[in-house]
Q: 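Below you will find the structure I want to go over with you.
Not measured: the values here are computed from a predicted model. Below, each value reflects all heavy atoms present in this structure, side chains not excepted, and no hydrogens, waters or symmetry copies.
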Amino acid sequence: MSLPTLDELRTVVQPPEKMQRRNGEHWAGRLYMRRISLRTTRLLVNSPISPNGYTYLMIVAGVLAGPALLIPGIGGAVLGAFFVQLYLLFDCVDGELARWRQQTSIVGVYLDRIGAYFAEAAFLVGLGFRASSLHLDKWAVLGLATALCVILVKSESDLVDVARTRAGLPAATEGSVVPRASGAARLRSVAQIFKIHRLIVGIESSMLVLLAGILDLFAHHQPFTKAALVILAVIAAVMVVLHFVSIVLSSRLKA
């Protein structure tokens with residue numbers, strides 16, 4: 001079968017209403033990955049693998065980023081960042097193929113969400129053992145704790161949909177994320193400017209770890225990798241509390 005042109009494909013798989021959503025697209029997707037994924041999707045439109053099949057590949061790539069960090073030296077940091085980028089690519093491709101083939105499904109949505117849990121947790125657990133030089137010490141425990149905090153933050157968001165569904169309400173709108181209290185809303189606006197909380201997301205954390213790995217080339221005992229882990233742990237722990245407060249003070253749990 002002939003391949004669609006990039007313009008034909010883009011109209012269907014990257015519609016403006018999806019690409020321009022405030023919370024619907026990662027900055028890396030807008031900056032470069034959607035350009036790569038569009039060309040990759042074009043090559044795969046006639047492949048025998050289903051969109052959900054590529055979602056499974058996404059999960060595998062994301063989870064492999066964790067074990068990759070166990071490779072000593074800069075090689076592990078580079079390989080971990082590579083698998084995270086591959087995860088992001090498949091995360092774009094699976095949805096684009098589903099829209100082109102009209103094969104979107106609830107299973108696909110579920111796999112996408114559970115994949116994010118697995119991938120980011122695996123990466124942070126791998127980072128903890130990387131910082132500990134493969135020993136079960138305080139750094140490994142800190143990595144495990146950070147992974148748990150990140151999973152809790154994601155759960156806080158997803159449980160909004162669970163609560164609304166069980167109450168018979170439609171999905172929350174993007175505008176409902178703003179806290180009702182003016183003080184909390186101002187704090188959220190400041191956080192959105194600096195976006196420090198984004199560091200605990202897989203793309204950003206892999207870049208931080210890669211930078212730490214480069215700096216560790218000029219030091220002993222991985223001080224920058226350990227510092228990166230501490231930074232991520234603090235942000236993740238704080239976000240568990242602040243994200244919960246933000247949800248409770250917003251309109252997301254209101255009818």
Q: Give, for atom CE of Met33 and atom OG1 of Thr40, the distance between the pair rounded to the nearest 0.5 Å.
A: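 If I round to the nearest 0.5 Å, the distance is 8.5 Å.
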Q: Are any side-chain N or O atoms of Arg130 and backbone N or O atoms of Ile71, one a donor and one an acceptor, separated by less than 3.5 Å?
A: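 Yes; at least one donor-acceptor contact below 3.5 Å.
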Q: In this structure, would Leu79 and Leu88 fall into the same cluster of hydrophobic residues linked by side-chain contacts under 4.5 Å?
A: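 Yes, same cluster.
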Q: Cluster question for you: counting only ILVMFWY and a side-chain heavy-atom cut-off of under 4.5 Å, with indirect links fine, are Phe90 and Phe83 together?
A: yes
Q: Decide if atom CD1 of Ile106 counts as having more than 12 heavy atoms of other residues, nucleotides or ligands within a radius under 6.0 Å.
A: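 No - once you tally the heavy atoms of other residues, nucleotides and ligands closer than 6.0 Å, there are 12 at most.
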Q: Can you list everything that forms a side chain to side chain donor-acceptor pair (under 3.5 Å) with Thr146? Sequence neighbours excluded, please.
A: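 Residues passing side chain to side chain donor-acceptor pair (under 3.5 Å) with Thr146: none at all.
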Q: Once rounded to the nearest 0.5 Å, what's the spacing between atom OG of Ser132 and atom NZ of Lys226?
A: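 Nearest 0.5 Å value for the OG-NZ distance: 8.5 Å.
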Q: Would you say Glu120 and Tyr87 are linked by a side-chain donor-acceptor pair, where the criterion is simply a distance under 3.5 Å?
A: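 Per modelled atom types, Tyr87 and Glu120 side chains form no pair under 3.5 Å.
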Q: Surrounding OH of Tyr110 (heavy atoms of other residues, nucleotides or ligands, distance under 6.0 Å), is the total greater than 12?
A: no
Q: For residues Gly80 and Ala65, report the shortest heavy-atom separation together with the two atoms involved.
A: O-CB, 3.7 Å
Q: Of all heavy-atom pairs between Val240 and Glu156, which one has the smallest distance, and what is that distance?
A: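 Heavy-atom minimum between the residues: O-OE2, 2.8 Å.
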Q: Less than 3.5 Å apart, which donor and acceptor atoms pair up between the side chains of residues 203-215 and the rest of the protein, not counting sequence neighbours?
A:
unit_1 : atom_1 : unit_2 : atom_2 : d
Glu204 : OE1    : His26  : NE2    : 3.2
Glu204 : OE2    : His26  : NE2    : 3.1
Glu204 : OE2    : Trp27  : NE1    : 2.5
Ser205 : OG     : Val201 : O      : 3.0
Ser205 : OG     : Gly202 : O      : 3.1
Ser206 : OG     : Gly202 : O      : 3.2
Ser206 : OG     : Ile203 : O      : 2.8

Q: List the atom of Leu69, the atom of Gly76, and the distance in Å for their closest heavy-atom pair.
A: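 Leu69 and Gly76 have their closest heavy atoms at CD2-O, 3.7 Å.
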Q: Return the set of residues passing side chain to side chain donor-acceptor pair (under 3.5 Å) with Asp158 (not counting sequence neighbours), or none when no residue passes.
A: Arg113, Tyr117
Q: Indicate yes or no: at least one non-hydrogen side-chain atom of Tyr54 is less than 4.5 angstrom from one of Leu57.
A: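 SC-SC contact between Tyr54 and Leu57 confirmed.
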Q: Ile247 versus Leu159: any side-chain heavy-atom pair under 4.5 Å?
A: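 In short, these two side chains do not touch, never coming nearer than 4.5 Å.
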Q: Could you list the residues that satisfy salt bridge (charged side-chain N to carboxylate O under 4.0 Å, His left out) with Arg101, not counting sequence neighbours?
A: none
Q: Going only through I, L, V, M, F, W and Y residues with side-chain contacts under 4.5 Å, is there a path from Val141 to Leu229?
A: no
Q: Could you tell me which non-hydrogen atom of Ala236 sits nearest to which non-hydrogen atom of Ile200, and how far apart they are?
A: N-CG2, 3.9 Å
Q: Considering only heavy atoms from C-beta outward, does the side chain of Leu44 approach that of Ile49 to under 4.5 Å?
A: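 No - every pair of side-chain heavy atoms lies 4.5 Å or more apart.
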Q: Do Gln103 and Leu97 come within less than 4.5 Å of each other through their side chains, counting heavy atoms only?
A: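 With C-beta onward as the side chain, the pair stays apart.
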Q: Please examine the side chains of Gln14 and Cys92, heavy atoms only from C-beta on, and report whether any two atoms are closer than 4.5 Å.
A: no
Q: Is any side-chain heavy atom of Val160 closer than 4.5 Å to a side-chain heavy atom of Leu253?
A: yes
Q: Quick one, Ser157 and His243 - any side-chain contact, counting heavy atoms below 4.5 Å?
A: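 Yes; the side chains approach each other to less than 4.5 Å.
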Q: Measure the CZ-OG1 distance between Arg99 and Thr41 for me, rounded to the nearest 0.5 Å.
A: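 With rounding to 0.5 Å, CZ (Arg99) is 9.0 Å from OG1 (Thr41).
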Q: We want to know whether Glu96 and Ser37 form a side-chain donor-acceptor pair, criterion being a heavy-atom distance below 3.5 angstrom.
A: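 Yes, because at least one side-chain N or O of Glu96 sits under 3.5 Å from a partner of the opposite role on Ser37.
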Q: Taking transitive links into account, so neighbours of neighbours count too, which hydrophobic residues share a cluster with Leu134 at under 4.5 Å side-chain distance?
A: Leu70, Val125, Phe129, Leu136, Leu144
Q: May I ask whether Val238 and Ile151 are part of the same hydrophobic cluster, defined by side-chain heavy atoms of I, L, V, M, F, W, Y residues being less than 4.5 angstrom apart, directly or through others?
A: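 Unlinked, Val238 and Ile151 end up in two clusters.
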Q: Take Phe244 and Val241 through the side-chain contact (heavy atoms from CB on, under 4.5 Å) test and state the conclusion after the steps.
A: CA-CA 5 Å; Phe244 171 78; Val241 178; 5.9 Å; no
Q: Taking atom OG1 of Thr11 and atom CG of Leu6, what is their separation to the nearest 0.5 Å?
A: 10.5 Å
Q: Which distance, rounded to the nearest 0.5 Å, do you find between the CZ of Arg10 and the CZ of Arg39?
A: 7.0 Å
Q: Taking Lys254's backbone N and O only, do any of them form a donor-acceptor pair with Ser251's side chain (distance below 3.5 Å, no angle check)?
A: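 The answer is no, because no donor-acceptor pair under 3.5 Å joins these two groups.
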Q: Tell me the closest heavy-atom pair linking Pro51 and Asp94, and the distance in Å.
A: O-CB, 3.4 Å
Q: Can you tell whether the side chains of Asp161 and Arg164 come within less than 4.0 Å, N to carboxylate O?
A: no
Q: Measure the shortest side-chain to side-chain distance between Arg252 and Ser246 over non-hydrogen atoms and say whether it is less than 4.5 angstrom.
A: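 Contact flag for Arg252/Ser246 side chains = yes.
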Q: Examine Phe123 and Met239 and state if one hydrophobic cluster contains both, with Ile, Leu, Val, Met, Phe, Trp and Tyr joined whenever side-chain heavy atoms are less than 4.5 Å apart.
A: yes
Q: How far does CD1 of Ile59 sit from CG of Leu111, to the nearest 0.5 angstrom?
A: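 It comes to 5.0 Å.
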Q: Which residues pass the salt bridge (charged side-chain N to carboxylate O under 4.0 Å, His left out) test with Arg42, sequence neighbours left out?
A: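 Expected list: none.
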